[in-house]
Amino acid sequence: MSVPRAMANKRMRRKRMARLKQAALALFTCAVSVPAIAQQAASRDEFFWLGEINKATAVINTDEGLLDKALAPRLAAGISKVLAAGNQAGAKRPSSVITFEPLLIDAAGVEVTLLHAGRSSQDMHATYRAAILRENLLKLAEQLNKTSGSMLSLAEANVNTIVPNYTNGVAAQPNSYGHYLLGHLAGLDRDAQRIREAYARVDRSPMGTTVLNGTSWPLNRTRMADYLGFSGIVENAYDAAQISSMDLPVEAASIVTSISLHAGNFVEDVMTQYAQSRPWILLQEGGGNTYVSSAMPQKKNPGLLNSTREDASTAVTLAMGPVIQAHNITPGMSDPKDVKANTAMINSANKALQGWDKILNSLVISPQRALEELNSDWTASQELADVLMRKYKLPFRAGHHFASEVVDYAKANNIKPTDFPYAEAQRIYRESVKDMNLSGDLPMSEDEFRSTLDPVAIVKNRATAGGPQPTEMAKMLETAKQKLIQQEAWIKEKRARIDSSLAKLNEDFDKIAKSGN
């Protein structure tokens, strides 16, 4: 390089440094830092958390003598400048330490890399991944609670709606539709438990572990965790970025899978009604719930059911990603850690839950048609065997044989339960118990025989803990309400902890920025 060219380049560098110093001085003089409101408005993405990590590092290391206090205001001004620029509409928001740090150097000079003491992209990236996954789990918990609330309201409104329930795809027994819904709600409650349990493991800070075995710098990891809203630290430095950061997306994937399978189960149960000529449960038409066939005018296709099932299937598909990516790789590899992919996975479960919530608020249930369906089949036949054993001490298998013979005769002669001749029941009883080496007449009166086949009475007279009878339904509904209230409180408490921790960090960071005035 020629001497004149070298001198020109040197002058350009000096001018550039002068402009940077002038900008830094202006930021310092005005005590400019990123306001808390602006931070909340900006997405809490990788860029956001890299900024918070740098702010916390500046505060902690200054307080604890690892960073020269005289430098702190200039470095803080540089951090503020980078974050303010990144928060502008359409601005780039670098998501890696390698692309973030040059911005800091441009804003505050190479001295800003003193903040990098005892840090690595390994622990910084592991930290923002945990922070983002933590937020995504709270969003999932929030939507899960909303959908569960809709299910609870529907269950409460249908305590006395008696419908057929199905096993192996065949009508099995009468049940309260509210009880059926509480069964599904119990599954969603387990999903809520899984979120809380996983959150406790995600809510641990890897910061300060550097690559895999720590650093010679005496970094205050606990204070760092507090500033970033974590409830504690990942204890083992090797685990922090090499093991747990691979485990956590897989655990989140298992939650997404469970929620999606529950959604698909429910949707398919409703879908079976659409195969009937006279369903007892349908979607309310309009609002995008159904759509007409282009060729067959009689059809009202359940579009909302189809799209929700598709969303649930997509979520299951995406949830397989972290599992497959974490398979057969050495510890710490980045394969299952991608923030965008793991966020998309959790968002897919949110979408399925949103569709499910809309379904629950769009169902049209016909209690009369459901009761007609029950009385047109023999879903109450097991009760004959139960009453004969409980009240008249007839061995269950003998009573079951009698009930089975009644059903066979009824179906062969196209007789509904409400129309079955009592005399035929007496005859069948004598013959069926004789087959079991027993004897005697049917001990039930005609009134008792008919009431035993009444689906409404069967549900009302259940005695099992957790059954559909009114006393148990009242207890289970109240328990479900309390669980949703507790879950909502848990979500608010976790969000408040993060928000208050970041607010404290900004307050202390502002003090550092102003300390040079």
Whether K337 side chain and G332 backbone form a donor-acceptor pair below 3.5 Å: yes
Applying salt bridge (charged side-chain N to carboxylate O under 4.0 Å, His left out) to R129 and E46, what does each step give before you reach the verdict? CA-CA 8 Å; R129 286 169 184 144; E46 300 97 319; over 6 Å; no
Just checking K351: does its NZ atom have more than 12 heavy atoms from other residues, nucleotides or ligands closer to it than 6.0 angstrom? no
What closest approach, in Å, do G466 and M476 show between heavy atoms, and which atom pair accounts for it? O-CE, 3.6 Å
Taking atom CE of M271 as the centre, report whether more than 12 heavy atoms of other residues, nucleotides or ligands fall under 6.0 Å from it. yes
Taken in chain and number order and not counting sequence neighbours, the residues that satisfy side chain to side chain contact (heavy atoms under 4.5 Å, CB included) with A326 are V250, P336
Would you check if the side chain of N361 reaches a backbone N or O of D357 as a donor-acceptor pair within less than 3.5 Å? yes
Can we say D269 and R309 salt-bridge, meaning some charged N sits less than 4.0 Å from an Asp/Glu carboxylate O? no
If only atom types and distance count, is the side chain of N289 paired as donor or acceptor with the main-chain N or O of G286 below 3.5 Å? yes
Test of understanding: with salt bridge (Lys or Arg N to Asp or Glu O under 4.0 Å), list the residues that count as partners of K92, not counting sequence neighbours. none
For residues F509 and A58, report the shortest heavy-atom separation together with the two atoms involved. CE1-CB, 4.4 Å
Pair H184 + Y180: ring centers closer than 6.0 Å: yes
Do we see a donor-acceptor contact under 3.5 Å between the side chains of Q482 and E478? yes
Between R221 (side chain only) and S205 (backbone N and O only), is there a donor and an acceptor less than 3.5 Å apart? yes
Restricting to salt bridge (Lys or Arg N to Asp or Glu O under 4.0 Å), what partner residues turn up for R204, sequence neighbours left out? none
Has N168 got a side-chain atom pairing as donor or acceptor with V170's backbone, closer than 3.5 angstrom? no
Salt bridge (Lys or Arg N to Asp or Glu O under 4.0 Å) partners for D338, two or more places apart: none
Distance col, row L144:CG vs L484:CG, nearest 0.5 angstrom, shows 8.5 Å
Tell me the closest heavy-atom pair linking P322 and A253, and the distance in Å. CG-CB, 4.2 Å
Return yes if some donor-acceptor pair links the side-chain N/O of S515 with the main-chain N/O of I512 below 3.5 Å, else return no. yes
Ignoring hydrogens, what is the shortest heavy-atom contact between V256 and A315? Give both atom names and the distance. CG1-O, 3.7 Å
Any side-chain heavy-atom pair of R196 and W490 under 4.5 Å: yes
Are any non-hydrogen side-chain atoms of L305 and Y274 less than 4.5 angstrom apart? yes
Does E268 have more than 12 heavy atoms from other residues, nucleotides or ligands lying within 6.0 Å of its CD? yes
State, yes or no, whether a side-chain contact exists between V211 and D123 at a heavy-atom distance under 4.5 Å. no
Any donor-acceptor pair under 3.5 Å linking the side-chain atoms of K139 with those of N350? no
Quick check for you: to the nearest 0.5 Å, what is the distance between I60 atom CD1 and L505 atom CG? 8.0 Å
Check: N165 main-chain N/O paired with N175 side-chain donor or acceptor under 3.5 Å: no
Who are the salt bridge (Lys or Arg N to Asp or Glu O under 4.0 Å) partners of E488, not counting sequence neighbours? K492
CA sep, side-chain torsions, deciding dist, call: T343, L133, side chain to side chain contact (heavy atoms under 4.5 Å, CB included): CA-CA 7 Å; T343 296; L133 181 56; over 6 Å; no
Would you check, one step at a time, whether the test side chain to side chain contact (heavy atoms under 4.5 Å, CB included) holds for E156 with K481? CA-CA 10 Å; E156 199 166 21; K481 286 178 187 177; 2.8 Å; yes
Residues S96 and T99: side-chain donor-acceptor under 3.5 angstrom: yes
Determine, step by step, whether Q143 and T147 satisfy the side chain to side chain donor-acceptor pair (under 3.5 Å) criterion, reporting the C-alpha distance in whole Å, the side-chain angles of both residues, the deciding distance to 0.1 Å, and the verdict. CA-CA 6 Å; Q143 181 58 55; T147 303; 3.1 Å; yes
For K504, is there an ion pair with D508 - N to carboxylate O distance below 4.0 angstrom? yes
The criterion is ring pair (Phe, Tyr, Trp, His ring centres under 6.0 Å); which residues satisfy it with Y128, sequence neighbours excluded? H125
Closest heavy-atom pair, V234 versus A240, reported as atoms and distance to 0.1 Å, is CG1-CA, 3.6 Å
Side-chain contact, heavy-atom cut-off 4.5 Å: I132 with R44? no
Taking side chain as C-beta onward, heavy atoms only, is L363 less than 4.5 Å from Q284? no
Between D191 and R194, is a salt bridge (charged side-chain N to carboxylate O under 4.0 Å, His left out) present by the stated rule, with each step listed? CA-CA 5 Å; D191 291 330; R194 293 181 182 105; 2.8 Å; yes
Are M224 and T57 packed together at the side-chain level, in the sense that at least one heavy-atom pair is separated by less than 4.5 angstrom? yes
Six-ring centre of F230, R134 cation under 6.0 angstrom, axis tolerance 45°: yes
Value rounded to 0.5 Å, distance of OH in Y177 from CG in L154: 6.0 Å
Assess, by modelled atom type and distance only, whether the side chains of Q193 and D189 contain a donor and an acceptor separated by less than 3.5 Å. yes
Do the side chains of D63 and K69 get close enough for a salt bridge, i.e. N-O under 4.0 angstrom? no
Can you name the closest pair of heavy atoms from Q242 and P331 and give their distance? OE1-O, 3.5 Å
Would you say the side chain of D510 lies within less than 4.5 Å of the side chain of E507, judging by non-hydrogen atoms? no
Side chain of N87, backbone of L83: donor and acceptor closer than 3.5 Å? yes
Close side-chain approach of V159 to L477, heavy-atom, < 4.5 Å: yes
Between T127 and M207, is there a donor-acceptor pair closer than 3.5 Å when you use the side chain of the first and the backbone of the second? yes
Verify, without hydrogens or angle tests, whether E135 (side chain) and A131 (backbone) share a donor-acceptor contact under 3.5 angstrom. no
Candidate list N301, T308, N306, test side chain to side chain contact (heavy atoms under 4.5 Å, CB included), partner L304, passing option: T308
